[in-house]
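Note that the structure is a prediction, hence the values are computed from the model and not measured. For ligands, and for the atoms within them, numbers begin at 1 and follow the listed sequence.
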Amino acid sequence: MTTEATHTDQRAGGTTHAGLQAWVDEVAAMTTPDHIEWVTGSDAEWTRLTEKLVEAGTFVRLNEEKKPNSFYAASDPTDVARVEDRTYICSVDEKDSGPTNNWMDPNEMKDLMRGLYAGCMKGRTMYVIPFVMGHVEAENPMFGVEITDSEYVVVSMRVMARTGVNVLRRIEELGENAKYVPALHSVGAPLEPGQQDVKWPCNPEKYIVQFPEERMIWSYGSGYGGNALLGKKCYSLRIASVMARDEGWLAEHMLILKLISPEQQVYYIAAAFPSACGKTNLAMLAPTIPGWKVETLGDDIAWMRFGEDGRLYAVNPEFGFFGVAPGTNEHTNPNAMKTINKGNSVFTNVALTDDTDIWWEGLENTPAHATSWKGQDWTPDSEELSSHANSRYCTPIEQCDILADEYYDPKGVPISAIFFGGRRKTTVPLVTESRDWIHGTFMGATLSSETTAAATGAVGVVRRDPMAMLPFIGYNAGDYFQHWINLGKDADASKLPKIFYVNWFRRDEEGAFLWPGFGENSRVLKWAIERLEGKAAAVETPIGHVPTPESLDTSGLDMSDADIAAALKVDPEEWKAEIPQIEEWFAKFGDTLPTQLQVELDGLKARLGVE
Ligand SMILES: Nc1nc2c(ncn2[C@@H]2O[C@H](COP(=O)(O)OP(=O)(O)OP(=O)(O)O)[C@@H](O)[C@H]2O)c(=O)[nH]1
Ligand SMILES: O=C([O-])CC(=O)C(=O)O
Ligand SMILES: [Mn+2]
């Protein structure tokens, strides 16, 4: 045997876990890759794969001085965001996918996709990525194995999840008792012998499919973000939400932050905002109010279980940040900037500067010339944007200077407050406190937001996005609401997190944001904490408790009293206009809508004086 062949054999790897090996063999027989590699997670492997991506033109190595060990990628212009209309929950019973998900019979879907998968990895390498969401030392480690034919995915998965040989060894130790989510991914672009590859292989036909009963994921056609990094939305939200329903916990689209008061009191807060509505920014907040400090635990996903003390504990299952690039800068998110400047990151669909650094709209030091994400010359006078609105940085969480030590605790942190928030130009005030858990669940269930570029489709359209989970609930959303209510009912009410509804995005008549946001959002965190402590005043309104102008700390804030009042305003007329939309939304659920939510709606109508 030649040295080269030995080397290849080592890479080929394999596992002593019979079930896993059988699945890998079955997928290989179906997709017919040229090679199979078991991903180890070693540095040498990272170097080899990133070099391969550079050679293929998918990656450009960035300036070592500015972004060490970092890469720029531009995707195919048709493959830039999650594809919600191509995302399916293939439960056995259609009813279980509910009115908010696409559904197809699981057997029909498998037949269809087997047709697509047949030979789809021809000419490519099939990578097997053992990973764990959360801690490998957790009581029930949440394993997954992603099979993919994309090196970009392998490299990104290494940043976003704990991957590699240590995880595989743990799966093998647990043997057939090890539960793992099989997650199959292909870009759907086989290569004929001698055929030149493109920089960003993908297929115009895309399917992002969850099989909830089997805890299994099949993804085809896309190489980007939540479509392809299957540990993230597909597993940690869609599949995990089904596990959570069955086992009595919550898998949520939430950041987790640690707030430290000037008196050194510590509070943990979780917050759910729809995609591209401010989770990463709030998670890494640099408070503008003196003496307050924020540390980060997570920016996108929270798994929450009740602890023995009756409190709700949250862990972040991820290992990196997949953050929206545009708008990120030294002012809005200095902590993200520090994190990415340490390197070891992948930047997708941003602009490439002439000194091989990256740039995007909103970043400081606008270059006189750059190459846009579409590969075109770009100058500040260009009509087109340099970066796609859903361009992203993918960066290791451990590089974040303000990462809280508790991130490493598999038990998680006890949550004191949950924020729901959306992007609304009108109607929704800066912050509203719910009366109790059920009212808070109602706020979450009726959460609305303007659509963003994080998913394909129209941007800026107001839609209901319950708990910021509309694209991520892996089952019937009516049952999901009931699950939230049940968890509250079974808990000690005094230990439940308090629920708040926030909106950083209200506009004035000229269309400008009323609230400065970002670091100033610390003022809202402070008010919420003072409400928990019984220290801050509030006005009772038909929709809940909002701050009195005096109770919100506005010292040093450059904002007129009129603007503060406008940001906090509850306008009954605007809310009356909201009612038919909520009714239409609730009507979708038929008899799966929990009666408690109907009671909440009736109460709101009565308080607003709506018939
Ligand atoms: N006006 C305003 N914009 C904000 C604020 N916070 C975030 N944004 C902007 O909202 C966009 C998305 O913010 P992110 O924090 O990345 O959103 P996210 O919720 O983490 O998004 P996903 O990663 O898609 O789940 C960025 O362009 C931010 O600049 C805020 O307080 N005020
Ligand atoms: O999943 C993705 O592609 C990015 C993300 O966090 C979201 O859209 O919420
Ligand atoms: Mn997200």
Side-chain angles (χ1 to χ4, degrees), residues 75 79-84 87 153 156 160 208 219 222-238 252-257 271-286 288 296 298-302 316 318 320-329 331-333 335-337 348-349 360-363 385 387-395 419-425 430-431 449-457 459 465 468-472 502-507 511-525 567:
S75 78
D79 192 20
V80 293
R82 286 182 294 99
V83 283
E84 295 182 2
T87 301
V153 166
S156 304
M160 294 307 298
I208 316 298
S219 164
S222 167
Y224 197 62
N227 298 331
L229 311 177
L230 302 185
K232 196 174 178 57
K233 300 299 159 84
C234 300
Y235 183 161
S236 295
L237 291 177
R238 297 195 192 100
E252 298 297 328
H253 191 201
M254 292 182 182
L255 67 93
I256 311 167
L257 68 81
F273 312 150
S275 301
C277 292
K279 288 183 300 301
T280 302
N281 280 275
L282 190 68
M284 298 185 204
L285 177 93
T288 51
T296 302
D299 80 322
D300 200 49
I301 297 174
N316 169 18
E318 298 194 281
F321 301 124
F322 188 68
V324 176
T328 307
N329 62 42
H331 164 71
T332 58
N333 198 340
N335 291 307
M337 292 307 299
T348 309
N349 290 342
W360 50 70
E361 275 66 31
L363 193 56
L385 296 177
S387 307
H388 188 274
N390 191 41
S391 55
R392 301 258 171 176
Y393 55 82
C394 177
T395 195
F419 283 26
F420 290 123
R423 192 181 272 272
R424 287 293 305 267
K425 292 189 175 78
L430 181 63
V431 55
S449 197
E450 291 143 20
T451 50
T452 67
T456 54
V459 167
D465 191 341
M469 282 284 281
L470 180 68
F472 309 122
V502 299
N503 178 21
W504 315 140
F505 300 94
R506 205 170 190 178
R507 312 276 186 130
F513 290 116
L514 274 165
W515 179 251
F518 304 104
E520 306 294 4
N521 294 334
S522 54
R523 300 171 190 276
V524 175
L525 297 180

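Contacts of Asn227 with ligand 2, taken as heavy-atom pairs under 4.0 Å, are absent altogether. If you look at Met284 next to ligand 1, there are no close heavy atoms at all, none under 4.0 Å. Both the backbone and the side chain of Phe518 come within 4.0 Å of ligand 1, judged by heavy-atom distances. Contacts between Asn333 and ligand 1 below 4.0 angstrom, taking non-hydrogen atoms only, are absent altogether. By the criterion of a heavy-atom distance under 4.0 Å, both the backbone and the side chain of Ser275 are placed next to ligand 1.
Near Arg423, meaning under 4.0 Å from any of its heavy atoms, are these atoms of ligand 1: 10 (O), 11 (C). Atoms of ligand 2 found under 4.0 Å from any heavy atom of Ser275, numbered from 1 in the order shown, are 7 (C), 8 (O), 9 (O). The Asp300 neighbourhood of ligand 2 comprises atoms 6 (O), with distances under 4.0 Å to a heavy atom of that residue. Close contacts between ligand 2 and Lys232 involve ligand atoms 6 (O) [criterion: under 4.0 Å to a heavy atom]. The distance from ligand 2 to the heavy atoms of His253 drops below 4.0 Å at these ligand atoms: 9 (O). Ligand 2 places these atoms under 4.0 Å from at least one heavy atom of Ala454: 8 (O). Less than 4.0 angstrom separates some heavy atom of Asn521 from each of these atoms of ligand 1: 31 (O). Counting the atoms of ligand 1 from 1 in the order shown, those under 4.0 Å from a heavy atom of Thr280 are 15 (O), 16 (O), 18 (P), 20 (O). Heavy-atom proximity to Asn281, at under 4.0 Å, picks out these atoms of ligand 1: 6 (N), 7 (C), 13 (O), 14 (P), 15 (O), 16 (O), 28 (C).
Across His331, Arg392, Lys279, heavy-atom proximity to atom 18 (P) of ligand 1 is greatest for Lys279. Residue Phe505 holds the heavy atom nearest to atom 3 (N) of ligand 1 of all those in Trp515, Trp504, Phe505. Between Gly517, Ala276, Gly327, it is Ala276 that holds the heavy atom closest to atom 12 (C) of ligand 1.
The distance from atom CG of Asp300 to atom CG of Leu255, rounded to the nearest 0.5 Å, is 9.0 Å. Distance check, rounded to the nearest 0.5 Å: SG of Cys234 to CG of Leu229 gives 9.0 Å. For the atom pair CZ (Arg507) and CZ (Arg423), the distance works out to 7.5 Å, reported to the nearest 0.5 Å. Interatomic distance, Phe273 CZ to Phe419 CZ, rounded to the nearest 0.5 Å: 7.5 Å. Distance check: Phe322 CZ to Ile301 CD1 gives 11.5 Å after rounding to the nearest 0.5 Å. Atoms OG1 and CE, on Thr328 and Met337 in that order, are 7.5 Å from each other to the nearest 0.5 Å.
Counting protein heavy atoms only, atom 3 (O) of ligand 2 is closest to Gly226 N, 2.9 Å. The protein heavy-atom contact nearest to atom 8 (O) of ligand 2 is Arg82 NE, 2.8 Å.
Checked by distance only, ligand 2 and Phe322 stay at 3.5 Å or farther apart across all their nitrogen or oxygen atoms. Considering both main-chain and side-chain atoms, Lys233 never comes within under 3.5 Å of ligand 1 through any nitrogen or oxygen pair. Taking any N or O of Thr328, backbone or side chain, none lies under 3.5 Å from an N or O belonging to ligand 1. For ligand 1, the polar-atom distance check finds an N/O of Asp300 within less than 3.5 Å of one of the ligand's N/O atoms. Where the criterion is an N or O separation shorter than 3.5 Å, residue side chain and backbone included, Lys233 meets it with respect to ligand 2.
Residue contacts with ligand 1: Pro274 is included, with a non-hydrogen atom under 4.0 Å away. At a 4.0 Å cut-off, not a single heavy atom of Thr332 sits close enough to ligand 1 to count as contact. At least one heavy atom of His253 sits less than 4.0 Å from an atom of ligand 1. Residue contacts with ligand 1 include Pro326, since one of its heavy atoms falls under 4.0 Å from the ligand.
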### Message
Evaluate Trp360 against Asn329 for side chain to side chain donor-acceptor pair (under 3.5 Å), listing each step before the verdict.
### Response
CA-CA 9 Å; Trp360 50 70; Asn329 62 42; over 6 Å; no
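At a threshold of 4.5 Å between non-hydrogen side-chain atoms, the residues Thr452 and Cys277 count as touching. Between Lys233 and Arg238, some side-chain heavy-atom pair lies under the 4.5 Å cut-off. A heavy-atom distance below 4.5 Å is found between the side chains of Leu430 and Trp504. A 4.5 Å side-chain heavy-atom check between Asn349 and Asn390 finds every atom pair outside the cut-off.
Looking at Thr280 and Asp299, their side chains do bring a donor and an acceptor atom within 3.5 Å of each other. At a cut-off of 3.5 Å, with distance as the only test, a side-chain donor of Arg82 or Ser275 sits close to an acceptor on the other residue.
Looking at residues two or more places apart in sequence or on another chain, you find a side chain to side chain donor-acceptor pair (under 3.5 Å) between Thr348 and Tyr152.
Side-chain N or O atoms of Asp79 include none that pairs as donor or acceptor with a backbone N or O of Ser222 at under 3.5 Å.
Taking a cut-off of 2.8 Å, the protein N, O or S atoms nearer than that to the Mn ion (ligand 3) are Lys233 NZ, His253 NE2, Asp300 OD1.
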